[in-house]
Amino acid sequence: MHWTEMKKDELELQFSPSCWSHRMAANEVIEAHVKALKEGTDKARALAQTLLNVPYGEGDGERLDVYIPNSNSLDLPLVIYIHGGYWQFLSKEESGFMAVPLVSKGVVVVAVDYDTAPKGNMDLIVSQVRKSVVSVVQQYSHINGLFICGHSAGAHLAAMVLSTDWSQYSIAPQIKGAFLVSGIYDLLPIVSTYVNEPLKMTDEVAVRNSPTTLVQQLKTSSSACHIVVAVAEHDSPEFRKQSEEYYRMLEASGLNVTLEDVPNTDHFNIIERLVEGEYHLTKLLLKMMGKS
Ligand SMILES: N[C@@H](CC(=O)c1ccccc1NC=O)C(=O)O
């Protein structure tokens, strides 16, 4: 069934990732998710050298954390992680977990904060994340490859970064690879759901912030980027459809894109497991960065 034909209840269920986990009840899976991300982030902060709360703009919320390998090398790959949580939950304080397996392999990890709703709205959040990427490139001009990874709403934001017209910015970041994990690429279906209550998007705001409407811009700005669209086996059918359709659009426009359907995962552990060195997506990310 197309989402336009769904009743509100059905649509809201499709966009309630916690209701589709095969591991735990809805409230438990979210609690466990936040705990896993926080524990992983605390571990990363103990393992790596860190620069915490580095400003990337004037706003209080415009800060990022850097996780640095204990290496003398200057030409390390760098991955920017953009957290999920429906543009209203989570922060960089739970977003350094993937540094655990990556810094030991010589990868710099940056976790970006943005003003979640209701403080921030969709246009602001997208512009903040874009600005953070420009700031990282300016500060770390010596890095050997810029990569971006986002989960859920963060995958949407990562796709929006790839789709940026950089002509209004001081530089045009060259992103070598992108990991889009369990993302939302068409925002129109969520406008009428509970997800939009704090965001208050109109259809117009949703359309201009949908990566599905910006594929031509992505092709112009990010033609050399290897894009991995990853989706969980136990994501909801609508989430799975969003990933499949965005993947097809990118592939049809001739981009270097791969669809990864990750078995035995749900919307939450598909990203939590990046704390493990032996997890399929961790290995794939390291391979993309030339570190395996
Ligand atoms: N109502 C949503 C809540 C949700 O997605 C979420 C909540 C807290 C932290 C992260 C979340 N989602 C994905 O990162 C759900 O049913 O999963």
Side-chain angles (χ1 to χ4, degrees), residues 48 56 64-69 71 73-83 95-96 98-99 101-112 126 129-151 154-167 169-183 185 211 214-230 243 246-247 249-251 253-260 262 271 274 277 279-292:
Y56 64 80
L64 53 81
D65 294 337
V66 190
Y67 296 80
I68 307 160
S71 152
S73 178
L74 282 173
D75 61 342
L76 306 171
L78 183 150
V79 59
I80 298 177
Y81 178 70
I82 306 171
H83 72 78
S95 303
M98 67 161 58
L102 296 186
V103 289
S104 61
K105 299 265 187 180
V107 178
V108 182
V109 177
V110 173
V112 163
V126 169
V129 172
R130 286 170 169 163
K131 190 162 66 175
S132 75
V133 174
V134 168
S135 169
V136 166
V137 173
Q138 285 172 331
Q139 296 220 17
Y140 299 95
S141 52
H142 54 270
I143 58 162
N144 179 24
L146 174 65
F147 298 83
I148 193 163
C149 175
H151 170 239
H156 158 265
L157 295 169
M160 290 300 285
V161 169
L162 299 179
S163 313
T164 306
D165 174 359
W166 297 110
S167 61
Y169 294 77
S170 47
I171 48 157
Q174 295 303 306
I175 300 167
K176 277 197 189 167
F179 249 62
L180 310 178
V181 183
S182 283
Y185 308 103
L214 298 169
V215 173
Q216 276 314 309
Q217 183 62 55
L218 187 147
K219 201 170 153 52
T220 304
S221 306
S222 308
S223 60
C225 184
H226 178 201
I227 301 170
V228 173
V229 178
S243 284
Y246 189 51
Y247 161 76
M249 291 173 82
L250 297 179
E251 189 186 41
S253 63
L255 284 144
N256 178 9
V257 59
T258 314
L259 182 65
E260 282 291 323
V262 188
I271 195 76
L274 277 160
Y279 175 47
H280 175 61
L281 289 187
T282 309
K283 291 199 275 189
L284 203 61
L285 186 55
L286 282 164
K287 192 172 160 199
M288 186 191 257
M289 297 189 290
K291 287 287 177 181
S292 63

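What you see below is based on every heavy atom in this structure, not just the backbone, and it leaves out hydrogens, waters and symmetry mates.
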[Y] and [X], any side-chain heavy atoms less than 4.5 Å apart:
{"X": "His226", "Y": "Thr258", "result": "yes"}
{"X": "Val107", "Y": "Pro69", "result": "no"}
{"X": "Phe179", "Y": "Val79", "result": "no"}
{"X": "His156", "Y": "Val126", "result": "yes"}
{"X": "Val133", "Y": "Tyr56", "result": "no"}
{"X": "Tyr279", "Y": "Leu285", "result": "no"}
{"X": "Asn144", "Y": "Lys176", "result": "yes"}

> Heavy-atom count around Lys105 NZ within 6.0 Å, excluding the residue itself: above 12?
Replying inline: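 It does not: Lys105 NZ has 12 such atoms or fewer within range.
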[X] and [Y]: which non-hydrogen atoms are nearest, and at how many Å?
{"X": "Gly177", "Y": "Met288", "result": "CA-SD, 3.8 Å"}
{"X": "Phe147", "Y": "Pro77", "result": "CE1-CB, 4.1 Å"}
{"X": "Val103", "Y": "Tyr67", "result": "CG1-O, 3.7 Å"}
{"X": "Cys225", "Y": "Ala178", "result": "SG-N, 3.7 Å"}
{"X": "Val161", "Y": "Trp166", "result": "O-CZ2, 3.5 Å"}
{"X": "Pro101", "Y": "Leu274", "result": "CG-O, 3.1 Å"}

First locate atom [atom1] of [X], then atom [atom2] of [Y], and finally report the distance between them rounded to the nearest 0.5 Å.
{"X": "Leu180", "Y": "Tyr247", "atom1": "CG", "atom2": "OH", "result": "13.0 Å"}
{"X": "Ile80", "Y": "Cys149", "atom1": "CD1", "atom2": "SG", "result": "11.0 Å"}
{"X": "Leu214", "Y": "Thr164", "atom1": "CG", "atom2": "OG1", "result": "9.0 Å"}
{"X": "Thr282", "Y": "Leu102", "atom1": "OG1", "atom2": "CG", "result": "7.0 Å"}
{"X": "Leu284", "Y": "Met289", "atom1": "CG", "atom2": "CE", "result": "10.0 Å"}
{"X": "Leu64", "Y": "Gln139", "atom1": "CG", "atom2": "CD", "result": "7.5 Å"}

>> Test side-chain contact (heavy atoms from CB on, under 4.5 Å) on Ile271 and Ser182; report intermediate values, then the result.
In response: CA-CA 9 Å; Ile271 195 76; Ser182 283; over 6 Å; no
Under a 3.5 Å distance rule, please check whether [X] uses its side chain to pair with a backbone N or O of [Y] as donor and acceptor.
{"X": "Ser141", "Y": "Val137", "value": "no"}
{"X": "Ser221", "Y": "Leu218", "value": "no"}
{"X": "Arg130", "Y": "Met160", "value": "yes"}

>> Consider side chain to side chain contact (heavy atoms under 4.5 Å, CB included). Of Leu162, Leu255, Ile148, which one does Ser222 pass it with?
In response: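 Looking at Leu162, Leu255, Ile148, the match for Ser222 under the side chain to side chain contact (heavy atoms under 4.5 Å, CB included) is Leu162.
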